[in-house]
Amino acid sequence: MKLSDIRIYPVKSVTGIRLDHAKVLPWGLEGDRRWAVVDDKGDGYWSGENPEYLSVRAVNTPEGGLVLNAPGLEELTVPPADGPLVPVYFHGLDEAMLAHDDAHEWFTRLLGKPARLVYLDDPNRRHIVDYHGGLPGEVVSFAWDAPLLLVTRDSLARLDDWIAEGAVERQEATPRPLDVARFRPSVVVEGFAPFEEDTWTSVRIGEVDFRVSELCDRCFVTLWDPQTRERGKEPLRTLAKHRRWDGKTWFGIRLVPKNLGELRVGDPVVPVVRT
């Protein structure tokens, strides 16, 4: 029962970066989703409708800026944000800081439509909403609904088996196993019974304790292959057969840190199970 993978997404919706270790802050992993791309009205763009995001590699710089890379675009170094606060529309947040103009032009070229890069200058300003399991004082970055998302390799293996069984029933070729990157996890753990995480109320990873705020409902972002950027029917088709209730499909759990510390790949994982 161990932590096998840590990932951050410096800009919301871009491809993830794997780390050997990461600091846990109140709003999530250090360097995770402090930046986001919005339209000219302040609404966020997301990878479900813009798979071009999946080609972007964003790396945090020691100074607090970014280095951006994507096929067909020149590498861009973005300085630390120091622009004005502008209106944005995210759950629990109404304004964020504009980045340098060069970043707006870069993402506009990537997406083929007007785009602006913004920075969450103070994550303490964005609270987790109560209908996603937030408690008073809990905060989050530009991540969707909780500071961290956990998935297990054991549940993914069971999902792959279900997908393969469905392919046999439909007399289709057996697809290759799904890349865990489809589910955009913060942490990946292994050594558990499939979907055991559904029953957890809290979990300790290394030196950090987390509260499970809710199960994670899955959207059609998962339909995009993160490597080819092609869209298919899985995993939602199979999740709808085996993991559908309350009108949604479910995979993974959302976590809120109860204390701060550092996570390292290989850390032991000890859950508390609902009785």
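A quick note: this is a predicted structure, and the numbers were derived from the prediction, not measured.
- More than 12 heavy atoms of other shown residues, nucleotides or ligands fall within 6.0 angstrom of atom CD in Glu75.
- A distance-only check finds a donor-acceptor pair linking the side chain of Arg126 to the backbone of Ser141 [under 3.5 Å].
- Taking 4.0 Å as the cut-off between side-chain N and carboxylate O, Glu214 and Lys248 do not count as a salt-bridged pair.
- Remark: side-chain polar atoms of Asp5 are not paired, donor with acceptor, to backbone N or O of Val187 under 3.5 angstrom.
- Taking Arg264 as the reference, Glu262 meet the side chain to side chain donor-acceptor pair (under 3.5 Å) condition, with sequence neighbours excluded.
- For Tyr9 (side chain) and Ala58 (main-chain N/O), no donor-acceptor pair under 3.5 Å exists by modelled atom type.
- Taken from CH2 in Trp144 to OG in Ser13, the straight-line distance is 7.0 Å, to the nearest 0.5 Å.
- Side chain of Arg218 to main chain of Phe183: a donor-acceptor pair is present (N/O by atom type, distance under 3.5 Å, no hydrogens or angles).
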**Report entry** Candidate pair Phe192 and Trp200, rule ring pair (Phe, Tyr, Trp, His ring centres under 6.0 Å), full reasoning
**Finding:** CA-CA 12 Å; Phe192 300 93; Trp200 298 353; 5.0 Å; yes
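- Residues satisfying the side chain to side chain donor-acceptor pair (under 3.5 Å) criterion with Asn259, sequence neighbours excluded, are absent altogether.
- At distances below 3.5 Å, at least one donor-acceptor pair connects side-chain atoms of His104 with backbone N or O atoms of Ala99.
- Hydrophobic clustering (side-chain heavy atoms under 4.5 Å, transitive across Ile, Leu, Val, Met, Phe, Trp, Tyr) keeps Phe251 apart from Phe210.
- Through direct or relayed side-chain contacts under 4.5 Å between Ile, Leu, Val, Met, Phe, Trp and Tyr, Tyr89 connects to no other residue.
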Report task. Would you please test Val151 and Leu156 for side chain to side chain contact (heavy atoms under 4.5 Å, CB included) and show each step? Result -> CA-CA 8 Å; Val151 303; Leu156 180 57; over 6 Å; no
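- Taking Asp121 as the reference, Arg125 meet the side chain to side chain donor-acceptor pair (under 3.5 Å) condition, with sequence neighbours excluded.
- The backbone N or O of Leu117 lies less than 3.5 Å from no partner atom in the side chain of Trp35, so there is not a single donor-acceptor pair.
- Hydrophobic cluster of Val139: the remaining members, joined at side-chain heavy-atom separations below 4.5 Å, are Leu25, Trp27, listed by chain and number.
- Residues passing the side-chain contact (heavy atoms from CB on, under 4.5 Å) test with Asp94: none are found, sequence neighbours excluded.
- Alongside Leu93, the hydrophobic cluster contains Val38, Val86, Val88, Phe90, Leu98, Val118, Leu120, Phe142 (criterion: ILVMFWY side chains under 4.5 Å).
- Under the rule for a side-chain contact (heavy atoms from CB on, under 4.5 Å), the partners of Ser213 that lie at least two apart in sequence or sit in another chain are Ala146, Arg211, Arg254, Val256.
- In this structure a side-chain-to-backbone donor-acceptor pair under 3.5 Å is missing from Arg7 to Pro185.
- In this structure, Trp224 contributes its side chain and Gly48 its backbone to a donor-acceptor pair below 3.5 Å.
- Listed by chain and number, the residues in a ring-ring contact (aromatic ring centres under 6.0 Å, His included) with Trp106 amount to none (sequence neighbours excluded).
- Residues Glu197 and Ser155 come closest through the heavy atom pair OE2-OG, 2.7 Å.
- Under the 3.5 Å distance criterion, with hydrogens and angles disregarded, no donor-acceptor pair is assigned to the side chains of Glu196 and Thr152.
- The local environment of NZ in Lys241 is sparse, with at most 12 non-hydrogen atoms from other residues, nucleotides or ligands closer than 6.0 Å.
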Requested in this report: Evaluate side chain to side chain contact (heavy atoms under 4.5 Å, CB included) for Trp46 paired with Cys219, printing each intermediate quantity in order.
Outcome: CA-CA 11 Å; Trp46 64 304; Cys219 65; 3.6 Å; yes
Taking distance alone, no hydrogens or angles, what donor-acceptor pairs closer than 3.5 Å link side-chain atoms of residues 158-167 to residues at least two apart or in another chain?
| from | atom 1 | to | atom 2 | distance (Å) |
| --- | --- | --- | --- | --- |
| Asp160 | OD1 | Leu178 | N | 3.0 |

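- Judged by distance alone, with hydrogens and angles left aside, the side-chain atoms of Arg243 form no donor-acceptor pair with the main-chain N or O of Leu236 at under 3.5 Å.
- Here the side chain of Asp154 pairs a donor or acceptor atom with the backbone of Gly191 at under 3.5 angstrom.
- Counting heavy atoms of neighbouring residues, nucleotides and ligands inside a 6.0 Å radius, atom CZ of Arg57 does not exceed 12 of them.
- Side-chain heavy-atom separations under 4.5 angstrom define the hydrophobic clusters, and Val270 shares its cluster with no other residue.
- Heavy atoms of other residues, nucleotides or ligands lying less than 6.0 angstrom from CG of Asn124 number more than 12.
- Here Ser55 pairs with Ala70, Pro71, Leu110, Arg229 under the side-chain contact (heavy atoms from CB on, under 4.5 Å) rule; sequence neighbours left out.
- Around CZ of Arg170, the count of heavy atoms belonging to other residues, nucleotides or ligands within 6.0 Å exceeds 12.
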